[in-house]
Structure formats: structure tokens, C-alpha cells
Amino acid sequence: MLLYFRGCTAREKLNSISKATERILRAANIKFETLDDEKCCGSVLLRTGFLDDAIEQMNSNLKDLEGKVILTSCAGCYKTLKEDYKKYLGIDLKVIHISQLLEQLIKEDKISLKGKDNLKVTYHDSCHLGRHAGEYEAPRNVIKAISDLVEMENIREKSRCCGSGGGVKSAYGDLSNSIADLRIKEAKGTDADLLVTACPFCKLNLNENSEDLDVLDLSEFVLRHLDLNDGNDSTLEEEVQ
């Protein structure tokens with residue numbers, strides 16, 4: 001069975017992302033479980049220099065993770081579980097990011113979409129999913145299956161950071177906001193109707209610094225275009241607000 005590891009941000013601050021992901025999984029008839037007492041994957045400790053504490057946290061998570069296929073919403077969780085657990089613990093976990101699963105579900109017609117619309121959507125590459133983990137195409141393929149993708153000037157390995165990673169948002173709030181503002185201005189320069197990212201932490205910071213451009217996580221974006229055919233669209237919209 002699939003283990004959906006929600007991650008701190010999608011679990012605690014932006015649970016519309018975890019709700020959207022779980023609804024998509026149910027629509028695709030994918031059996032999954034979540035952890036009642038899910039802890040941080042250790043990414044924050046690693047990125048802020050607390051290596052010993054991070055390794056202790058990672059070791060404490062192993063009993064819940066080993067032997068399972070792990071789905072993540074968070075790009076930071078994806079990079080940490082997939083690469084850092086192997087680097088520091090020698091444990092090779094099976095990890096998939098939500099963008100990769102969504103690409104597969106669309107390609108295999110496992111979820112039904114309402115059809116391609118006329119929205120112009122621009123995509124923000126998160127540092128962890130893009131530069132750190134090398135995943136650039138899956139989220140773009142998902143967007144292009146639904147809407148028109150319009151690219152910003154700085155994308156893929158040259159993408160601007162959202163400004164929130166590495167402890168910057170917590171320690172240097174003004175700097176974090178100024179970096180996010182630069183990215184929002186770049187996104188607006190595409191004349192896009194919507195900004196989509198595949199990292200809850202990126203969504204959090206970009207959304208807080210965007211007044212007139214909506215920012216969605218990729219799972220929320222897909223859910224809006226899911227053809228449920230079950231009469232629950234209005235209830236669903238309330239669930240993921």
C-alpha cells in the first residue's frame with residue numbers, strides 16, 4: 001500500500017494541499033495510508049545545519065517508512081527521503097513526488113479530467129524538486145495536459161528561489177519577502193492567469209507575497225480540473241479551501 005507522507009507544511013499550514021492529494025488518490029482508486037503521528041522528515045534540520053539532530057530525526061522515522069512506497073507533496077520531503085536518507089543512513093527508500101504520480105495517472109487515463117481550458121498558467125520550479133532532485137518535466141507535463149503553459153524567463157536549473165528555504169523565511173523575513181516579490185513580478189510578466197508550483201513551502205511564501213495573482217499547488221490545480229461525476233463537486237470545493 002502507498003504511504004502518503006504529507007509533510008509539515010501540507011499537514012499543518014496548508015492542509016488544502018493534503019486534502020486535494022487524498023481526494024485525487026481516491027478518485028484514482030489508489031489505496032493509501034497516512035501516519036497518525038507523522039513527524040518532520042528532517043529536511044529543515046538538515047538545511048539549517050543541525051546535522052546530528054537531523055540524523056536522529058531521520059532514524060526515528062525509519063520504522064514507519066522502510067519497505068513502503070512513499071508519496072510526498074513536499075519537494076523538500078521528496079529530496080530528503082529519496083537522497084538524504086541514503087546519503088546519511090544508507091537507506092534506499094522508494095519515494096515518488098506527487099507531480100510524478102499525477103503525470104502517470106494522466107498518461108494512463110487513471111483520472112478523468114474535464115478537458116483542456118484556455119487558462120494561461122506559469123510554473124515555478126522549487127529548488128528541491130528542480131535543481132536538487134532534477135525533476136523539471138513531470139509538473140510541466142501535468143499543466144500542459146490541462147492548460148496552456150507560459151514560461152517565466154528564469155526556469156528549470158536557472159529558476160529563482162521563492163525565498164523561503166534554508167531557514168531564510170524564519171530568520172530573515174524581509175529578505176524572504178523581497179525574493180518572493182521578484183519571483184511574483186517575473187510570473188506576472190508572462191500575463192499568466194495562475195501561478196502553479198509543486199512545493200507547499202513555495203506556495204506558502206509566494207502566495208503571501210502575491211496580491212493579484214493566484215498561487216496554487218499542483219495537486220490543487222489538478223483537483224479543480226478533475227471530472228468527478230459523483231455530484232460532490234461543491235462539497236469538494238469546500239473541503240479544499
Side-chain angles (χ1 to χ4, degrees), residues 1-15 17-26 28-108 110 125-139 141-142 157 164-167 197-203 217-219 222:
M1 183 182 293
L2 184 73
L3 171 62
Y4 173 36
F5 192 88
R6 294 160 291 178
C8 299
T9 304
R11 186 180 70 249
E12 298 177 0
K13 295 183 178 181
L14 297 177
N15 61 12
I17 294 175
S18 57
K19 288 181 178 179
T21 302
E22 291 180 24
R23 187 62 185 89
I24 293 169
L25 293 174
R26 290 195 293 270
N29 294 314
I30 295 175
K31 293 182 179 181
F32 68 96
E33 61 180 336
T34 59
L35 299 174
D36 293 333
D37 191 27
E38 182 185 293
K39 301 292 195 304
C40 178
C41 68
S43 177
V44 175
L45 291 168
L46 275 177
R47 311 312 157 207
T48 52
F50 296 93
L51 179 57
D52 291 341
D53 293 322
I55 291 175
E56 181 180 351
Q57 178 64 51
M58 292 156 67
N59 272 311
S60 72
N61 287 335
L62 284 181
K63 66 182 186 299
D64 295 319
L65 304 177
E66 283 192 282
K68 299 179 180 179
V69 177
I70 306 165
L71 173 69
T72 72
S73 284
C74 178
C77 292
Y78 175 73
K79 195 269 182 188
T80 301
L81 294 169
K82 187 175 180 64
E83 298 181 3
D84 294 318
Y85 276 58
K86 185 174 182 179
K87 177 180 179 180
Y88 294 108
L89 305 183
I91 303 297
D92 194 3
L93 297 174
K94 298 178 181 179
V95 190
I96 183 171
H97 185 262
I98 184 61
S99 64
Q100 298 164 337
L101 178 61
L102 290 172
E103 179 188 36
Q104 180 182 344
L105 292 177
I106 291 172
K107 186 181 299 184
E108 297 176 358
K110 297 291 181 62
D125 290 283
S126 77
C127 296
H128 284 129
L129 187 62
R131 277 188 291 271
H132 294 179
E135 181 58 82
Y136 299 108
E137 300 309 320
N141 289 337
V142 171
E157 68 274 4
S164 64
T197 185
C199 173
F201 213 35
C202 289
K203 183 206 168 174
D217 181 80
L218 188 67
S219 59
V222 169

Is there a side-chain contact (heavy atoms from CB on, under 4.5 Å) between Leu218 and Thr197 once you walk through the steps?
CA-CA 6 Å; Leu218 188 67; Thr197 185; over 6 Å; no
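With a 4.5 Å cut-off on side-chain heavy atoms, Phe5 and Leu65 count as touching. Side-chain contact between Lys203 and Leu14 is present, with heavy atoms from C-beta onward closer than 4.5 Å. Looking at heavy atoms from C-beta onward, Leu2 lies in side-chain contact with Leu25 at the 4.5 angstrom threshold. Looking at heavy atoms from C-beta onward, Thr80 lies in side-chain contact with Arg47 at the 4.5 angstrom threshold. For the pair Leu71/Thr21, a side-chain contact is recorded, criterion being any heavy-atom separation below 4.5 Å from C-beta on. Between Tyr4 and Thr72, the closest side-chain pair of non-hydrogen atoms is not below 4.5 Å. You'll find the side chain of Tyr136 stays beyond 4.5 Å of the side chain of Leu129, heavy atoms only.
Between Asp84 and Lys86, none of the side-chain N atoms (NZ, or NE/NH1/NH2) sits under 4.0 Å from a carboxylate O, so this pair counts as no salt bridge.
Partners of Ser60 by side-chain contact (heavy atoms from CB on, under 4.5 Å), not counting sequence neighbours, listed by chain and number: Gln57.
A donor-acceptor pair shorter than 3.5 Å can be found between the side chains of Gln100 and Tyr78. Looking at Arg131 and Ser126, their side chains never bring a donor and an acceptor atom within 3.5 Å of each other.
If you take OG on Ser18 and CD on Glu12, they are separated by 10.5 Å, rounding to the nearest 0.5 Å. For the atom pair Lys110 NZ and Leu102 CG, the distance stands at 13.0 Å (nearest 0.5 Å). Separating the CD1 atom in Ile17 from the SG atom in Cys74 is a distance of 9.0 Å, to the nearest 0.5 Å. From Leu35, atom CG reaches atom NZ of Lys39 across 9.0 Å, with rounding to the nearest 0.5 Å.
Annotation for Leu81 and Cys41: closest pair CD2-CB, 4.2 Å, computed over non-hydrogen atoms. In plain terms, the two heavy atoms of His128 and Ser43 that are nearest each other are CE1-OG, 4.4 Å.
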Side-chain donor-acceptor pairs of residues 90-98 under 3.5 Å, sequence neighbours excluded:
from  : atom 1 : to     : atom 2 : distance (Å)
His97 : ND1    : Ser99  : N      : 3.0
His97 : ND1    : Ser99  : OG     : 2.8
His97 : NE2    : Ser73  : O      : 3.3
His97 : NE2    : Ala198 : O      : 3.1

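Judged purely by atom type and a 3.5 angstrom limit, Glu157 has no side-chain atom pairing as donor or acceptor with the backbone of Gly130. Looking only at distances, no side-chain donor or acceptor of Arg6 sits under 3.5 Å from a matching main-chain atom of Glu38. In this structure, Glu22 contributes its side chain and Ile24 its backbone to no donor-acceptor pair below 3.5 Å. Panel note: side chain Asn59, backbone Ile55; a donor-acceptor pair is recorded below 3.5 Å. No side-chain donor-acceptor contact under 3.5 Å links Tyr88 to the backbone of Ala54.
Counting heavy atoms of neighbouring residues, nucleotides and ligands inside a 6.0 Å radius, atom CZ of Phe50 does not exceed 12 of them.
Among pairs with a residue in residues 51-71, those fulfilling salt bridge (charged side-chain N to carboxylate O under 4.0 Å, His left out) read Glu33-Lys68, at least two apart in sequence or across chains.
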